Protein chains: 2
Amino acid sequence: MVMKFSRQRAAILSFLESRKDHPTAELVYSGVKEEFPSISLGTVYRNLNQLSEAGMIAKHSFGVLGVDHFDYNTNPHQHFVCSQCNAVIDLPVNDHDFSSIDAEAAKGFDGLIQGHRLYFCGICRDCLNKNQV
Amino acid sequence: MVMKFSRQRAAILSFLESRKDHPTAELVYSGVKEEFPSISLGTVYRNLNQLSEAGMIAKHSFGVLGVDHFDYNTNPHQHFVCSQCNAVIDLPVNDHDFSSIDAEAAKGFDGLIQGHRLYFCGICRDCLNKNQV
DNA sequence: ATAATAACAGTAATCATTACTGATATCGTT
DNA sequence: AACGATATCAGTAATGATTACTGTTATTAT
């Protein structure tokens with residue numbers, strides 16, 4: 001199946017590129033809607049899934065949030081989820097600091113460990129500031 | 001609000017105690033249904049949530065699965081999710097081997113890291129065997 | 001035993017996401 | 001530049017997990 005490049009898909013991709021947060025499908029929808037008032041939410045979901053299956057974007061499912069978040073940055077990196085405002089923030093930590101944990105977990109386990117999902121929880125700087133006022 | 005201890009809740013708790021896998025609400029429902037044919041799925045969900053809020057059981061949301069899993073074992077330990085059969089398996093690894101990663105992630109980050117979610121993905125022993133046949 | 005109320009069964013509602021439909025846009029080939 | 005095959009679209013309906021509501025019942029302290 002040849003992947004055609006529709007204007008809607010281009011708009012979705014460039015919207016995602018323009019943000020360093022990690023928008024949900026709903027947020028992408030309302031963002032792209034300004035350029036394409038008639039775009040459908042289903043179109044956004046379909047494109048986000050196709051783009052992530054093609055490896056052009058990343059899809060993150062943080063269990064605590066219950067909604068999927070999408071990321072233009074496909075390089076492996078760590079995420080932080082604020083439990084107060086639900087913001088998803090990239091951590092400046094180098095990813096290879098966590099590359100050894102798979103080997104660690106494999107000790108004494110008879111299955112095959114291929115990878116892991118990891119994210120950090122806490123309170124972001126903005127919320128910490130708001131709490132102090 | 002005083003927590004009353006109904007027979008349904010006792011049955012849900014003891015069903016969970018009897019299993020070392022990590023049943024979903026639906027699975028708890030069909031299990032407890034044998035003892036309580038008239039029990040409602042809503043009752044199961046309500047009790048599982050109350051028990052986990054009370055710290056008597058643990059609730060795990062693995063993003064890859066899209067369903068919540070419940071665990072009688074509330075001691076911190078690591079989990080493995082088989083991407084072929086979706087089984088959730090406890091890893092024999094000591095939990096304190098992963099206790100340092102929060103400090104690692106905090107480097108250069110201005111928010112407050114309170115914890116993390118971590119689980120491992122791959123193929124379990126049973127599926128590896130089946131694949132070889 | 002009684003009375004206050006937490007919990008129940010049953011059912012309806014919610015929310016994120018996916019599937020379906022006939023119409024339209026894209027893109028390699030003429 | 002027009003053509004034709006088909007991927008994609010907008011709109012809408014369906015799904016699946018979970019939560020909320022309601023009138024009735026079970027639990028527990030007094």
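On a predicted model such as this, the values are computed, not experimentally measured, just so you know. Quick note on labels: first sequence line is chain A, next is B, and so on, each numbered from 1.
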Quiz item: Whole-Å distance between D:dT18 C1' and B:Arg46 CZ?
Solution: 13 Å

Quiz item: What's the verdict on side-chain hydrogen bond (donor to acceptor under 3.5 Å, both in side chains) for A:Ser6 and A:Arg9, showing C-alpha distance, side-chain angles and the deciding distance?
Solution: CA-CA 5 Å; A:Ser6 66; A:Arg9 179 169 299 156; 4.8 Å; no

Quiz item: D:dT12, D:dC9, C:dC8: which one has an atom nearest the side-chain heavy atoms of A:Arg9?
Solution: D:dC9

Quiz prompt | Trace of the side-chain hydrogen bond (donor to acceptor under 3.5 Å, both in side chains) decision for A:Asp90 with A:His22 | solution = CA-CA 9 Å; A:Asp90 286 339; A:His22 307 69; 2.9 Å; yes

Self-check item: Pairwise side-chain contact, A:Asp68 with A:Thr24, heavy-atom cut-off 4.5 Å (strictly under)
Solution: no

Quiz item: Should the pair B:Phe80 and A:Phe109 be assigned to parallel (<30°), tilted (30 to 60°) or perpendicular (>60°) ring geometry?
Solution: tilted

Quiz item: C:dT17 C1' sits how many Å from A:Leu65 CG, rounded?
Solution: 16 Å

Self-check item: Among D:dT19, D:dT8, D:dA17, the one nearest B:Val67 by side-chain distance
Solution: D:dA17

Quiz item: Would one find a side-chain N or O of A:Asn49 under 4.0 angstrom from OP1 or OP2 of C:dT17?
Solution: no

Quiz item: Between A:Tyr45 and C:dT18, does any side-chain N or O lie under 4.0 Å from OP1 or OP2?
Solution: no

Practice problem: Could you tell me the separation between the CD1 atom of A:Ile12 and the P atom of D:dT8, rounded to a whole number of Å? | Solution: 12 Å

Quiz item: OH of B:Tyr29 versus P of D:dT18: gap in Å, rounded?
Solution: 15 Å

Quiz item: Does A:Gln8 put a side-chain nitrogen or oxygen below 4.0 Å from OP1 or OP2 of D:dA10?
Solution: yes

Practice problem: Using only side-chain N and O atoms of A:Ser6, determine if any of them is under 4.0 Å from OP1 or OP2 of D:dC9. | Solution: yes

Quiz item: So A:Asp71 and A:His77, side-chain hydrogen bond (donor to acceptor under 3.5 Å, both in side chains) or not? Walk me through it.
Solution: CA-CA 11 Å; A:Asp71 194 344; A:His77 57 284; 3.0 Å; yes

Quiz item: Looking for any heavy atom pair under 4.0 Å, which part of the strands does A:Glu26 touch: base, sugar-phosphate only, or nothing?
Solution: nothing

Quiz item: Out of A:Phe120, A:Phe98, A:Phe62, which one pairs with A:His79 under the ring pair (Phe, Tyr, Trp, His ring centres under 6.0 Å) rule?
Solution: A:Phe62

Quiz item: Counting any heavy atom closer than 4.0 Å, what does B:Thr43 reach on the DNA or RNA strands: base, sugar-phosphate only, or nothing?
Solution: base

Practice problem: Write down the distance between CE (B:Met3) and P (C:dC8), rounded to a whole number of angstrom. | Solution: 9 Å

Quiz prompt | 5' precedence on DNA chain D between A:Ser40 and A:Gln50 (nearest-nucleotide basis) | solution = A:Gln50

Quiz item: Whole-Å distance between D:dT12 C1' and A:Ile39 CD1?
Solution: 16 Å

Quiz item: Of all the nucleotides listed (D:dC9, C:dC8, D:dT8), which has the minimum atom distance to the side chain of A:Asn47?
Solution: D:dC9

Self-check item: Along DNA chain D (nearest heavy atom to each residue), the more 5'-positioned of B:Lys59 and B:Val2
Solution: B:Lys59

Quiz prompt | A:Lys4, nearest nucleotide to its side chain (from C:dA7, D:dT18, C:dT26) | solution = C:dT26

Self-check item: Closest to the B:Phe5 side chain, choosing from D:dC9, D:dA26, D:dT28
Solution: D:dT28

Self-check item: Spacing between A:His69 atom NE2 and C:dA16 atom P, to the nearest angstrom
Solution: 11 Å

Quiz item: Rounding to a whole Å, what distance do you find between A:Arg7:CZ and D:dT8:P?
Solution: 15 Å

